[in-house]
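Notes follow once the structure below has been shown.
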Amino acid sequence: MELEIWQTGLIIAVGIVGGFLNVVAGGGSLLTVPVMVFLGMPGPVANGTNRIGILAQNITSVITFARSGFRDFKLSLSLAACAIPGAVVGALIGVQLEGAWFNRSLALIMLGVMLIMHFDLGSTARAQDHQPTRRQLLHGHLLMVGVGFWGGFIQLGVGFIIMPVLNRVMGLDLVRTNMHKVFIVAVYTVVALFIFASQLELLWIIGIALAVGNSIGGYLGTRFAIQSGERMIRLVLNFVLVVFVIKLLFDF
């Protein structure tokens with residue numbers, strides 16, 4: 001599949017927007033995957049090719065966070081390790097995925113996430129220096145298996161699932177939540193991309209164009225998250241959640 005100039009530009013532009021959303025809130029793949037399908041790619045191939053951009057975006061974000069002094073590689077790596085088994089199973093199922101049957105369930109998940117993020121239901125204070133308790137660490141690591149499954153399976157909306165785990169369950173502020181999120185997604189995406197590439201003929205040229213856009217968006221999203229702080233991240237997250245819930249519930 002060869003892209004015309006305008007199609008390449010579209011992929012890069014959508015990648016920039018998607019990369020920004022993925023880092024700050026989530027849902028970027030709800031833009032990038034449909035655009036690739038619109039351009040004529042089969043669903044599973046678009047699902048797999050999307051991982052090329054996701055990997056580049058999150059590597060860029062990890063580096064940008066680290067250079068700005070936001071890093072905790074020990075915790076990030078242990079959480080990512082728990083996500084890998086789920087990602088393997090999810091990706092093995094995802095290579096056979098057809099259609100958009102998951103839209104309503106995803107919309108309900110996102111609606112639930114919005115409510116959880118809005119109300120302080122049993123949450124601890126999320127000060128910037130908060131260190132998760134042993135109980136919070138245990139619950140967070142166990143839930144990462146499910147996060148990995150969804151990420152390996154479809155990727156769409158994984159940010160809306162991982163953020164409540166890090167923010168509400170583990171008590172991390174939203175800046176550190178995003179810091180860990182991009183590392184975790186980068187690690188399990190390596191595994192998911194390998195599985196998709198071994199089972200399907202991915203379109204690497206399109207993936208590279210998407211990676212350029214995602215990387216730019218990921219960098220911009222990381223700078224925004226660091227400079228704007230928790231309040232602005234929460235506003236963007238809730239806005240994106242509302243938009244995508246409406247889209248998924250009424251765009252069948």
Side-chain angles (χ1 to χ4, degrees), residues 1-68 76 80 83-84 87 90-91 94-95 97 148 150-159 162 178-226 240:
M1 178 180 174
E2 296 184 3
L3 291 180
E4 298 180 12
I5 295 178
W6 73 268
Q7 292 174 319
T8 302
L10 176 63
I11 287 289
I12 293 175
V14 171
I16 293 174
V17 177
F20 181 90
L21 290 177
N22 280 334
V23 172
V24 178
S29 294
L30 288 163
L31 298 176
T32 55
V33 172
V35 167
M36 287 189 285
V37 172
F38 170 76
L39 293 176
M41 296 177 63
V45 176
N47 188 11
T49 301
N50 185 55
R51 312 308 174 103
I52 301 171
I54 293 295
L55 180 59
Q57 161 210 301
N58 285 287
I59 290 176
T60 300
S61 295
V62 168
I63 294 172
T64 305
F65 269 118
R67 286 180 174 175
S68 300
S76 292
I84 288 176
V95 294
L97 183 66
W150 186 263
F153 175 53
I154 189 63
Q155 181 64 32
L156 278 67
V158 70
I162 195 173
N178 281 326
M179 173 193 78
H180 288 296
K181 180 182 72 176
V182 296
F183 188 100
I184 295 165
V185 175
V187 171
Y188 78 64
T189 296
V190 173
V191 177
L193 179 58
F194 176 80
I195 293 174
F196 274 91
S198 67
Q199 300 289 324
L200 300 170
E201 188 174 345
L202 303 185
L203 301 182
W204 290 92
I205 299 300
I206 296 177
I208 291 172
L210 183 63
V212 171
N214 275 163
S215 295
I216 295 172
Y219 173 79
L220 295 174
T222 304
R223 298 305 306 170
F224 177 87
I226 293 171
V240 174

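These numbers were taken from a predicted model, which means no experiment stands behind them. We number each residue from 1, following the sequence as shown.
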* **Residues in ring-ring contact (aromatic ring centres under 6.0 Å, His included) contact with F20, at least two apart in sequence or another chain** =>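 For F20 the ring-ring contact (aromatic ring centres under 6.0 Å, His included) partners, ignoring immediate neighbours, are F224.
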* Asked: Side chains of N22 and Q57: is there a donor and an acceptor less than 3.5 Å apart?
  ->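 Yes, a side-chain donor-acceptor pair sits under 3.5 Å.
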* For residues 178-222, pull every pair meeting ring pair (Phe, Tyr, Trp, His ring centres under 6.0 Å), keeping only residues two or more places apart or in separate chains. => F73-F183
* Asked: Mind checking what makes side chain to side chain contact (heavy atoms under 4.5 Å, CB included) contact with V37, not counting sequence neighbours?
  -> V33, A46
* To do: Only counting residues at least two apart or in another chain, list the ones meeting side chain to side chain contact (heavy atoms under 4.5 Å, CB included) with I216.
  => I16, V212, L220
* Asked: So do the side chains of L202 and L193 get within less than 4.5 Å of each other, counting heavy atoms only?
  -> yes
* **Non-hydrogen side-chain atoms of V14 and L10 separated by less than 4.5 Å** => yes
* Asked: Among all residues two or more places apart in sequence or in another chain, which pass the side-chain hydrogen bond (donor to acceptor under 3.5 Å, both in side chains) test with T8?
  ->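 side-chain hydrogen bond (donor to acceptor under 3.5 Å, both in side chains) list for T8, sorted by chain: empty.
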* Asked: In chain order, what residues pass the side-chain hydrogen bond (donor to acceptor under 3.5 Å, both in side chains) check against S68, with sequence neighbours excluded?
  -> R223
* Stepwise, does the side chain to side chain contact (heavy atoms under 4.5 Å, CB included) test hold for E201 with V45? -> CA-CA 7 Å; E201 188 174 345; V45 176; over 6 Å; no
* **side chain to side chain contact (heavy atoms under 4.5 Å, CB included) between I54 and N50, intermediate numbers included** => CA-CA 6 Å; I54 293 295; N50 185 55; 3.8 Å; yes
* **Intermediate values then yes/no, side chain to side chain contact (heavy atoms under 4.5 Å, CB included), I52 and L210** => CA-CA 8 Å; I52 301 171; L210 183 63; over 6 Å; no
